[in-house]
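Quick note on labels: first sequence line is chain A, next is B, and so on, each numbered from 1.
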2 protein chains.
Amino acid sequence: MSSVNAPQDIKREKILDASYQRFLHYGYSKTTMNEIAGDLAMSKALLYYYFPDKSQLYVAVMNKLATDFINVLTEKVAASTDLLSAFKAQIDNHHNFMVTNYNFFDFFRLNEQNIPAEIWEIIGTIHQTEIELLSDALVKDVDAGKVTAVEVPVDMIDLILDALHGVKVRAMSHKKTGFPLKEHLDEIYQKRLTLIEIFVKGLGC
Amino acid sequence: MSSVNAPQDIKREKILDASYQRFLHYGYSKTTMNEIAGDLAMSKALLYYYFPDKSQLYVAVMNKLATDFINVLTEKVAASTDLLSAFKAQIDNHHNFMVTNYNFFDFFRLNEQNIPAEIWEIIGTIHQTEIELLSDALVKDVDAGKVTAVEVPVDMIDLILDALHGVKVRAMSHKKTGFPLKEHLDEIYQKRLTLIEIFVKGLGC
DNA sequence: ATTTGATAATTTTGTTTAAAAAGTCAGGAA
DNA sequence: TTCCTGACTTTTTAAACAAAATTATCAAAT
């Protein structure tokens, strides 16, 4: 196998880093390929040597973020002793991720519809991972007799994540997209923590 | 006070009925004032005698729907014996309302942003009513010793409604607006019923 | 107080055009 | 052969304008 430290991979990483900074600061549509190339003191054409097009470059950056996200989440959930703390770790991790990378997701606000399939795959993978980690934690608690048996743990976790994800802020400024505003993230975070406690309690014996 | 059966009110009602049919069948943007007037065999100008503009006509129709909605909900919740059945009545009523009037809400899908303030007021009133009815049911269950005491019942209900409202369908067709697709309404309905059972159980002693 | 035909004002839709950005390619350098 | 670029072409975006559709108004009639 080729080393991950091969020169072309190094350069690829540099491109991803520079792109991430631009996307994070200015958003997808306000970032041009010329600017990214300029930041790296290379020609725009070279970007197209490494990536087929702009959207795939964005996808690659997102993939990197997702990998980090999943790694940190796995680590945190593994360190959890019970279902409740596993959920709290998930909520915490998600909140952290959103706050840190908020502007990066301009892409979603502006495009809204017709997001490339690759993006949905990444989101699907993240979601799948969350379900696996949390349903493991659920099964453990069931086995330990902490919560009542659940027919299909995976479905149960899916449902709860769905409910948690749906928590929004009842704001007067109902303008704009369904994407939460940055100033609401903390409130949503708190609400989710409150909710999950009730939820897990509801699962208890 | 003037009778609700005064001739001008009768005509007003006829206009509202005809408008509702048009809006329900074709949606807001595909309904013209000429068509509504045509249905009623009256001049378009007369519509403007009764309503200041098209959006206020839509609001008036919606107001009528909302009044019905609230009345039925109040009735159903009053007939409930405990918190769980009260919630089920709410979920049921909401689902019914959405299925029946689905196309009427094209307005929301198309306008998406900048919905007139009056609409938000109506939605706010509905939500307020739901909170009042359900928090009453909650307090009753607390008093009956069925569930543990809650600090601020109204906030608790608000939070739960928020979570229930957030339930969506994890579909491949992530296209289009955040407004649920008609073919997903039943699935959402079932999920909410499952969720609320866990929730109320979580509140229990 | 109600109603309308005629008309005014606004919004939507479509077209054109210029600029900006995305994307391509033949060929040079390592 | 892999990496890289300048110059080029194609596509997208934005502004300006006109035509058509629709909303909204109003003087006059009932």
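When rounded to the nearest whole Å, the span between CE of B:M33 and P of C:dA8 equals 20 Å. D:dC4 atom P lies 12 Å from atom NZ of A:K14, rounded to whole Å. Rounded to whole Å, the distance from OH on A:Y50 to C1' on C:dA22 is 20 Å. Regarding A:K30, its NZ atom lies at a distance of 18 Å from the P atom of D:dT12, rounded to whole Å. B:Y48 has its OH atom 11 Å from the C1' atom of C:dA9, to the nearest Å. A straight line from CD of A:E35 to P of C:dA22 spans 8 Å, rounded to a whole angstrom. Distance A:L47 CG to C:dA21 P: 15 Å, rounded to the nearest Å. Rounded to an integer number of Å, the gap from CG of B:L46 to P of D:dT25 is 15 Å.
At least one donor-acceptor pair under 3.5 Å links the side chain of A:T31 to the backbone N or O of A:R22.
Between A:Y189 and A:H95, the angle of the ring planes stays under 30°, which puts this pair in the parallel group of the 30/60° scheme. Using the six-membered ring where Trp is involved, A:F104 and A:Y58 have ring planes that are parallel, under 30° apart on the 30 and 60° scheme. A:F69 and A:H94 have perpendicular rings, their planes meeting at more than 60° on a 0 to 90° scale where under 30° would count as parallel.
For D:dT25, the OP1/OP2 oxygens have no side-chain nitrogen or oxygen of B:K44 closer than 4.0 Å. A:Y49 has no side-chain polar atom (N or O) that falls below the 4.0 Å cut-off from OP1 or OP2 of D:dC4.
A donor-acceptor contact closer than 3.5 angstrom links the side chains of B:N101 and B:Y20.
If one axis is set at each end of the helix from C:dA1-D:dT30 to C:dA30-D:dT1 from five pairs, those axes are 40° apart, to 10°.
Residue-level contact check: A:T31 touches the backbone only, with heavy atoms under 4.0 Å from sugar-phosphate atoms and none from bases. Using a 4.0 Å heavy-atom criterion, one finds that B:S43 contacts the bases of the nucleic acid, with or without backbone contacts as well.
Closest approach of B:A60 and B:F51 over heavy atoms only: CB-CE2, 3.7 Å.
Pairs engaging residues 74-83 of chain A under the side-chain hydrogen bond (donor to acceptor under 3.5 Å, both in side chains) rule: A:D82-A:S85 [sequence neighbours left out].
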Completion exercise
A correct 5'-to-3' footprint of nucleotides 25-30 of chain C, with B, S and - meaning base, sugar-phosphate only and no protein heavy atom under 4.0 Å, is B-----
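Here A:K64 pairs with A:D17 in a salt bridge; the nearest charged N to carboxylate O distance falls below 4.0 Å.
Stacking of B:K30 on the aromatic ring of B:F23 is not recorded, the 6.0 Å distance cut-off and the 45° axial limit not both being met.
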